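Worksheet: the structure to be examined is printed underneath.
Values in this document were obtained by computation on a predicted structure and should not be read as measured data. Proteins come first, then strands; the chains are lettered A, B, ... in the order of their sequence lines, and each starts at number 1.
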Amino acid sequence: MALPKISQLLIKFTIILFFGFFLIPIFFVLLSLLGEYNNNWTHLIDYVLTDYIFNSILLITGVSLVSLIFGVGSAWFISNYDFLGKGWLEWALVLPLAVPPYILAYAFTGLFDAYGTANELFRLLFNISDNYVFFPNVRNIYGAIIVFSFTLYPYVYLTTRMAFINQSRTIIESGKILGLDNKSIFFRLAIPMARPAIIAGLALIIMETLSDFGAVEHFAIPTFTVGIYRTWFGMYDLGTAMQLSSLLLIFVGFFLILEKFERNKLSYSLASSTFKKFKKENLEGWKNFATFFFCFFPLLVGFLIPILEITNWAINFSSDNFFSETFINSLFNTIILGLIAGVICTFFAFVFNFLKRFDNGFILNGISTFISLGYAVPGLVLAVGIIQFFSLLDKGIFGPYLGIALTGSIVGLLLAYIIKAYALANNSIESGYERIDRTIDYVALSLKTNKVRIFFKIHFPLLKTSILTGMLLVISEVIKELPATLILRPFNFDTLAVTTYIYAAEERMFEAASPAIMIVLIGLIPIFFLTRIIRDSRPGNK
Amino acid sequence: MNEDKCLIIKDLSFGYQKQEEILLDANLSLNNGEILGIIGASGIGKSSLLRLIAGLEKPFSGEIFYFNKHLNSKSVFVPPHKRGIGLVIQDKGLFPHLNVMDNVKFGISGTKKEKIDKAMHYLKLLKAEQFKFSMPNNLSGGEQQRVAIARALATEPKLVLLDEPFSSLDINLRSSLRTETKALFKKTKTSCVLVSHDLDDVTHFCDRVLRLENKKMVEFID
């Protein structure tokens, strides 16, 4: 039974409105390229734009290389060998995803600055004078490369591991028969076959690196995001900030297309019906320890060290911070925002996927695909677009009645979160729907059940886990989001990310510890679900 | 040691679990240029025997000689990529990211031109040259099997192991590919071990047939 006509119209109108809210901020940013270019733009071109481009390219090149080595390397060892600690390393290697790059950056400076924990410990251990600095300075682009690489490599690890464990044994064995040793099997067969997965993971890393603001700003590296922020808050020039944002958006767009393109090719690296389980090689002696250390190292740098350092700050120096008013307010604000964004994103993702199931038309699919691309738009770029959009609405529509109603309100903040995190809820619910056989719907329809009833009585109970996972992923993303929050938050309205940033910017690292720990702890919840999926994801496992 | 022997297997024992042998003191010999068939029920260990000869599994005990060279014993294990033995399996094992030409060129050594010439030669022999630029997933089962055989032969091994290569093909294609492949093996003087559960395959394709029964090789009585 079809939905009544008025309901259909209402649904269509809501979808178009939702789509419009996604589209307009990005449209405003891109539109700025056609606007006037003022003197600030000339200043940018003459003095800093080259630095922004050069630093961004150097950063993504370095991050890509290090992430490839540890992401692909650990995925290969985990998929093909048995060695010390392999059982827990397999899932523990994704834990750094719970640590946002800016928190690792704060931990790194706390550790490796001249009078940081690591140098102090070194001097104490070897009884060396106070002016001796052993560890090199990390507040530079090389430090940033390490920070991004060791927090983001799990993207490559996850996609590549899946590709490796799905590679058919018969193909690898054919390579051996044709004269390839283990090294050649890796470079000439396994890597080329896993290439789409590797590139898809790498594109995500690059997009995250280009979008970051907190870590590069802490290390004072002039990149696009730092430039946008300085142009706006230093020069008070929103127009030029938007033009700069457009360039960044085009840059990110290239990697987004690359990621989508390579993901479409993933099928040939995945299992065919000929999949046979690998008998993994048992590593012994020094190879066993070397492999363990290689896989443990990224976990140590990307997760254990920052957790230890931040916990050290929190427990030894300022444990009262967990009860301070600032912390409790920030936590409350963050959870409220996370929950609202989580509910909105999962609700729309659920409705969209439900509608797609019965009407898999071009328009609905197109809209769904487009709004899922929001995750790639840097938070800072979104913030710039939303400010412009809302200030126009305030001037034109709401101004005469309400004054400035939208600009600087919580609505802008929520819109930014929803655009950024919608894809997470959508992916979770979409994959949940893929597991529900369509015959269930046909049977339900044949039993004279209408679609609304199917939505509530059949799909909702079956998709509870997917909905919950999607919501948790959205909440985790909202909690970590820094640049958009920093710009769009209402006056005197702080979240955990903003509180951490403000304390760290003032070098009050001990006070930054409690919100930072809370961000990581909340970030660990969806990671916990992810690790369970990883444990069960080997072919042949239940 | 006999110079005419391509392959000798002595007292070979193997299993996937300890004390659960699927081969126990199995013996076999293959003359140079001979096509040997091994028949037996599904799951009895025919494919495992080929995997042992190819070096993809290590036996519990026993020895394998290939043209008098020791491939396997307690102290010796020649890895698969150094044995120079071809293997064609039912699943074909074609590399999905490479086109047909690149698949066949994969195991050939020499200059670029030599590789292309040799690959083309074997593709022509297997009547597969017309889809040299196709990707494996665009080929039919029979076409894929032709390419797999061409790829195995292109490395010019003296011994090719065939593991149920015709079983996924329809009856007409099966018969023609069997005849053509046998003729090709005879022309290139390549020795071959074919394992199959299909009596028709082994009787039409092989010079001699053995039966795998009770973990040992026994004479096949027609």
Side-chain angles (χ1 to χ4, degrees), chain A residues 72 80 82 159-160 162-200 261-284 539-540, chain B residues 16-17 47-48 50-51 53-58 78-99 102-110 115 119 135-138 141 144 147-157 159-165 168:
Chain A
V72 176
N80 293 290
D82 272 327
T159 53
T160 313
M162 211 57 207
F164 283 153
I165 60 177
N166 282 297
Q167 280 175 356
S168 174
R169 185 181 72 176
T170 49
I171 288 167
I172 300 293
E173 285 178 354
S174 298
K176 287 185 181 175
I177 294 294
L178 290 168
L180 300 189
D181 57 12
N182 282 346
K183 202 172 87 182
S184 307
I185 290 276
F186 177 70
F187 285 109
R188 289 189 61 192
L189 274 186
I191 293 281
M193 282 197 292
R195 200 195 62 208
I198 295 170
I199 295 178
F261 181 72
E262 292 296 332
R263 212 169 267 278
N264 288 339
K265 290 200 293 186
L266 263 176
S267 56
Y268 80 56
S269 69
L270 294 180
S272 61
S273 58
T274 62
F275 180 83
K276 285 173 187 163
K277 208 172 177 179
F278 254 107
K279 202 166 118 188
K280 287 196 281 305
E281 196 179 325
N282 212 355
L283 294 178
E284 284 167 357
Chain B
Y16 289 99
Q17 309 277 329
S47 297
S48 302
L50 293 196
R51 292 174 63 79
I53 300 169
L56 295 168
E57 305 287 352
K58 287 182 183 175
V78 178
H81 64 279
K82 290 185 178 167
R83 293 193 176 197
I85 297 174
L87 174 68
V88 178
I89 49 175
Q90 187 185 347
D91 292 340
K92 292 104 183 169
L94 295 178
F95 305 135
H97 61 301
L98 302 179
N99 66 23
D102 289 337
N103 258 284
V104 180
K105 268 164 53 188
F106 197 87
I108 306 172
S109 51
K115 284 181 183 178
M135 296 304 278
N137 61 339
N138 294 328
Q144 287 184 11
V147 176
I149 296 170
R151 187 177 68 176
L153 287 176
T155 59
E156 297 182 338
L159 169 64
V160 173
L161 310 170
L162 300 178
D163 187 357
E164 312 256 12
S168 62

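Neither the backbone nor the side chain of B:Leu161 comes within contact range of chain A; no heavy atom of the residue lies under 4.5 Å from a heavy atom of that chain. B:Arg151 touches chain A through backbone and side chain together, each having a heavy atom under 4.5 Å away.
Listed here is the closest heavy atom pair of A:Ile177 and B:Ala54: CD1-CB, 3.4 Å. Nearest heavy-atom pair across A:Leu178 and B:Thr155 is CD2-CG2, 3.6 Å. Residues B:Phe95 and A:Ser174 approach most closely at CE2-CB, 4.1 Å, considering heavy atoms.
To the nearest 0.5 Å, atom CG of residue B:Asp163 and atom OG1 of residue A:Thr170 are 11.0 Å apart. Distance check: A:Glu173 CD to B:Leu87 CG gives 8.0 Å after rounding to the nearest 0.5 Å.
Judged by the 6.0 Å distance and 45° axis criteria, A:Arg188 is positioned over the aromatic ring of B:Phe106.
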